[in-house]
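Just so it is clear, the model here is predicted, and its values are computed rather than measured. Both backbone and side-chain heavy atoms feed into the values below; hydrogens, waters and symmetry mates do not. In what follows, chains carry the letters A, B, and so on, assigned in the order in which the sequence lines appear, proteins first and then strands, with residues in each chain numbered from 1.
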2 protein chains.
Amino acid sequence: MEFNNIEKFDPSSCIAGKVMRIKRITANIFRKHLAPYHITDSQLTLMFVMSKKRSMTQKQMSEMVFLEKSSLSRNLTRLIDRKLIHKTGPHQIEITTDGLYFVENIIPIWEKAMNEIREKIGEQGEHSLSTVYTSITA
Amino acid sequence: MEFNNIEKFDPSSCIAGKVMRIKRITANIFRKHLAPYHITDSQLTLMFVMSKKRSMTQKQMSEMVFLEKSSLSRNLTRLIDRKLIHKTGPHQIEITTDGLYFVENIIPIWEKAMNEIREKIGEQGEHSLSTVYTSITA
DNA sequence: AATTTAATGTTGTATATACAACTATTACTG
DNA sequence: CAGTAATAGTTGTATATACAACATTAAATT
């Protein structure tokens, strides 16, 4: 056979392929719920972290969310423009009062998105996801 | 308390947050392995599907990989420019012979990336990922 | 304290992704 | 068969992401 590797392998076993598809599906669900509030899933993650920690460096945030520093820098730009976050020094970002209210109010919406995903993946799926997450971030 | 929702909730429970982080981590591993061959994880998924099916419509592909038609259209542009895929009609894309050889040769590299991820998530993690994938795509 | 070194953050460039609006193709219907 | 409706695919625009190169700030060394 000319293409032995192709014959033998099973594309559906690809881990990255599965992760990408899961990501697209979950992002679509979240987008649908969050769009009216003009915030994205990625931005919301940053806001959630900030709402708990209140203040930190970009380096710290970048490590917490596994986001490259340049990507983080650009995502923050949009949140800073909206005054949900501000810079209190060269190496310090802080959530604003507006930011705290925003998170406070978006949590019920976020819960709706979470529930829609839970309906799809179930208790089992949610637990399995945690297993993957724990092992890959260990 | 002023921010009751914030106090109560646990950002680390966010499904989308976990999925995004897992996605960044796996994409980084794949990127590292695939970069020398000038192909991305997303493009490789398309090539993998094409290597098995040989020919299909964009609509079919879009449903198989859960990718919006416009995103697919643009990703295909790059593969068509490289002559790994070509259009055989208005609604038909086909893998080229070059494309088949490309996939045949990249599979061993792909296996290295897969193994690096497997080292992190283990048998358990790989199985858990499949569980999530099956349920969310059901 | 001044200069060098290291760490942190930003900007240039490229791909990925989605929605909305448009174009092109195919399918239906009279 | 012609005209319309439906489906498929492309383009405009915006955010997300990463690497490389640059700029800025902090730390270390003399």
Side-chain angles (χ1 to χ4, degrees), chain A residues 16-17 19-47 55-82 84-94, chain B residues 16-17 19-47 55-82 84-94:
Chain A
V19 171
M20 279 188 286
R21 289 168 171 90
I22 293 168
K23 202 272 186 173
R24 287 173 196 144
I25 293 167
T26 58
N28 287 349
I29 294 171
F30 263 75
R31 189 179 301 109
K32 185 179 64 184
H33 288 270
L34 297 179
Y37 306 91
H38 304 293
I39 193 157
T40 66
D41 53 354
S42 184
Q43 290 171 17
L44 187 58
T45 301
L46 302 182
M47 290 305 295
S55 167
M56 68 184 67
T57 68
Q58 292 182 207
K59 170 75 169 169
Q60 289 172 315
M61 176 64 90
S62 137
E63 281 165 1
M64 269 188 267
V65 298
F66 300 92
L67 190 59
E68 216 274 336
K69 60 184 179 174
S70 65
S71 308
L72 175 60
S73 174
R74 286 180 163 114
N75 292 357
L76 282 174
T77 299
R78 293 178 260 279
L79 297 170
I80 291 169
D81 285 349
R82 285 176 70 183
L84 298 178
I85 287 175
H86 65 155
K87 291 190 178 178
T88 52
H91 287 168
Q92 205 69 13
I93 51 175
E94 190 180 69
Chain B
V19 171
M20 279 187 287
R21 288 167 170 91
I22 292 169
K23 202 279 188 167
R24 287 171 195 145
I25 292 167
T26 59
N28 286 349
I29 294 170
F30 264 75
R31 188 179 300 110
K32 185 179 62 182
H33 287 270
L34 296 178
Y37 305 90
H38 304 294
I39 193 156
T40 66
D41 52 355
S42 184
Q43 291 171 15
L44 188 58
T45 300
L46 302 182
M47 290 305 296
S55 167
M56 69 184 65
T57 68
Q58 290 183 209
K59 171 74 169 170
Q60 290 172 315
M61 177 64 91
S62 137
E63 281 165 1
M64 270 188 267
V65 299
F66 299 92
L67 189 60
E68 217 275 334
K69 60 184 180 173
S70 65
S71 308
L72 175 60
S73 175
R74 285 180 164 114
N75 292 357
L76 282 174
T77 298
R78 293 179 259 279
L79 296 170
I80 290 169
D81 284 349
R82 284 176 72 183
L84 299 178
I85 287 176
H86 66 156
K87 292 188 177 177
T88 52
H91 288 168
Q92 205 68 15
I93 50 174
E94 190 179 67

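Residues B:S62 and B:L72 share a closest heavy-atom pair of N-CD2, 3.6 Å. The shortest heavy-atom contact between A:K23 and B:V19 is CA-CG1, 3.5 Å. Shortest non-hydrogen contact noted between B:L76 and B:L46 is CD2-CD1, 4.4 Å. A:R21 and B:M64 make their closest contact through NE-O, 3.2 Å (heavy atoms, listed as atom of the first residue, atom of the second, distance).
Contacts of A:T57 with the nucleic acid, taken as non-hydrogen atoms under 4.0 Å apart, involve only primed sugar atoms and P, OP1 or OP2.
Between the side chains of A:H86 and A:E94, at least one donor N or O sits under 3.5 Å from an acceptor N or O. For the residue pair A:T57 and A:Q92, no side-chain donor N or O sits within less than 3.5 Å of a side-chain acceptor on the partner.
A sub-4.0 Å separation between OP1 or OP2 of C:dT10 and a side-chain N or O of A:Q58 is present.
Taking atom CD of residue A:Q60 and atom P of nucleotide C:dT8, one finds them 9 Å apart after rounding to whole Å. One interatomic measurement links the two molecules: CD of B:E63 to P of D:dG9, which rounds to 10 Å at whole-angstrom precision. Atom-to-atom, NZ of B:K59 to P of D:dT10 comes out at 14 Å; the value is rounded to the nearest Å. Here the P atom of nucleotide D:dT10 and the CE atom of B:M61 are 13 Å apart, to the nearest Å.
Shown for residues 87-94 of chain B: residues whose heavy atoms fall under 4.0 angstrom of DNA chain C, namely B:P90, B:H91.
Put simply, the side chain of A:N28 does not reach to within 4.5 Å of the side chain of A:K32, judged on heavy atoms. With a 4.5 Å cut-off on side-chain heavy atoms, B:K87 and B:H91 do not count as touching. Side-chain atoms of B:L79 and B:I93, non-hydrogen and from C-beta on, never get closer than 4.5 Å to each other. For the pair A:L84/A:M47, a side-chain contact is recorded, criterion being any heavy-atom separation below 4.5 Å from C-beta on.
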Its contact letters, B for base, S for sugar-phosphate only and - for none at protein heavy atoms under 4.0 Å, make nucleotides 12-19 of chain C read BB-SSBBB
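Five base pairs at each end of the helix from C:dA1-D:dT30 to C:dG30-D:dC1 define two local axes, and these are offset by 10° (rounded to 10°).
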What do the steps show when you test B:K69 against B:Q58 for side chain to side chain contact (heavy atoms under 4.5 Å, CB included), and what is the final call? CA-CA 7 Å; B:K69 60 184 180 173; B:Q58 290 183 209; over 6 Å; no
